[in-house]
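Whatever order the structure lists them in is the order used to number ligands and atoms, beginning at 1.
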Amino acid sequence: MAKYIFVTGGVVSSVGKGITVASIGTILKSRQISVSVQKLDPYLNVDPGTMSPYQHGEVFVTQDGAETDLDLGNYERFIDANLTAESNVTSGQIYSAVIAKERQGDFLGGTIQVVPHVTTEIKERFTRLAQKSKAEVVIIEVGGTVGDIEGQPFLEAARQMRNDVGRDNVLYIHVTLLPYLTSTQEVKTKPTQHSVNELRRIGIQPDIIICRSDYPISEGIRDKISLFCDVDRKAVIPLPTVDTIYEVPLLLEEEGLGQLVVGKLGLKARRTDLSQWQELVRRVKEPHEPVNIALVGKYVELKDAYFSVREALHHAALHHNRDLDLHWVRSEDLEQNGTDALLRSAQGIVVPGGFGIRGIEGMVKAASYARNNDIPYFGLCLGMQVMVIEFARYALGSTEPNSTEFDAATPYPVIDLLPEQKGIVQKGGTMRLGNYPCQLVPGSHAANAYGQSLVYERHRHRFEFNNQFRDILQKAGMVYSGLSPDGKLVELCELANHPWMVSCQFHPEFGSRPGRPHPLFRDFIGVAKDVLREGAQPSLPLVKEE
Ligand code: GLN
């Protein structure tokens, strides 16, 4: 039977609970303990697919086509496993399921209540993942912060689990923030005490408290938390802010978290091997020559909107022993300020995924700049559609080619709705989602990168390349380097007379792993790193990544 670790958050959100959970997974996996991970999101949306990136950051797509929280991307990268739809549970899913059952008559005669009906539905999701994944340990992150109204049914279900599956099979870890007061120059524990009290009110006594802080945590502070929150002294684990997220598993291991979890859950202790992580962190921290990449998008103010893209670029840069010098370029700025001022120093240009017309013309300008100046270009989903629009405008000598997403009346709809999308009115979960096969054309950049002929990649889009334009664009120099096995869908395209202008209709960023970069990202950086740009310095108008 599986054991469960519930991870709750206290004091404030955004303290890195997702990375902490992913790191606990890494630590257990390094002891040859099989793990799976689940994220509970208390919002009422069924999934984040309908939310703006400004609300939610990136939507992470699993191989089986679920639109999920970006934390799942961190789980996948940290435990090096492909998760499924069962790994993201929202209140929206839970309530829809309970209400559907009620309509079906499953509870005839009964009054449907949060306890037990909603909590039972939630617990079923815990055990379903345990059964499906066959993991020894299921780590469950409760989204939000303890005390949030909408998170309460999840916490109540987590509490009930201890009784359901036995005390030795459930562990509660609370991740909090210790704020620092500049006036008194000290780290404060009171908010942590309050959030633990809040947890206790629900009936959960944490076994382990992980204390996030920007400042060192003294022994005295640890003693205080141990005393007031009633946890073992060694179960108060400090987690200071670090330069790279990949260091977190090492820090937690150093503080004895792995041993503690194994002991408390009575898991069979196996030898731990974190040598690959140590090597990874050593290499990340080593200074390298930079590779200057411009990411041209519409949500660049919110870096989380492109979380996996950024990670995949980092993995690829590290592979080539380069430091990623990533410049976030607002595509609308390219519309106003011209391209040269903002792209002058870029050794490579990435146009990532996105929806809606805002900023599209700026992205088209970036593609045009890349094509005309032989700058490596990598288009991801929308980035491919933009590359096709730009190339069609050039090849057809017209400014009118467009996607029908942005101009429904264009005489040259080079990107159009997928046939199966026509007639779909419901927005949620109705895109082309998840893994689809793609046949590669030998000799192309794409085929060279993958080194194989058939690949499966994750999708999330409604629009696609319009086959009516295949011949005419091919004659002008476009190569269709990847097609669906029936030949009907263009999955990858590139330009014949360009060093590396490659785009895909899918999202390769979701499959990249530290230490194992995605082949397309790897080759994009491989070519970009050798491009010589003016001054080889980041120019001023670009916003340097913090
Ligand atoms: N908006 C485009 C489509 O729906 C691209 C989607 C994306 O980049 N994920 O096809």
Atoms in ligand 1 with a heavy atom of G354 nearer than 4.0 Å: 1 (N), 2 (C), 5 (C), 6 (C), 7 (C), 8 (O)
Audit row: L495, M478, side-chain contact (heavy atoms from CB on, under 4.5 Å) steps and yes/no: CA-CA 5 Å; L495 295 190; M478 185 165 267; 4.1 Å; yes
Criterion side-chain contact (heavy atoms from CB on, under 4.5 Å) against R460, the qualifying member of Q505, H507, R432: H507
Atoms of ligand 1 close to H507 [distance to a heavy atom under 4.0 angstrom, numbered from 1]: 9 (N)
Close-contact set for ligand 1 against R460 heavy atoms, below 4.0 Å: 6 (C), 7 (C), 9 (N)
side-chain contact (heavy atoms from CB on, under 4.5 Å) evaluation trace for Y43 with E150: CA-CA 7 Å; Y43 51 69; E150 61 270 37; over 6 Å; no
N or O pair under 3.5 Å between G356 and ligand 1: no
Proximity to ligand 1 by part of Q385, non-hydrogen separation under 4.0 Å: side chain
Closest to atom 2 (C) of ligand 1 among R432, E405, H461 (heavy-atom distance): E405
Location of contacts on M431 toward ligand 1, heavy atoms closer than 4.0 Å: neither
Donor on one side chain, acceptor on other, R462 and T430, under 3.5 Å: yes
Close-contact set for ligand 1 against G353 heavy atoms, below 4.0 Å: 8 (O)
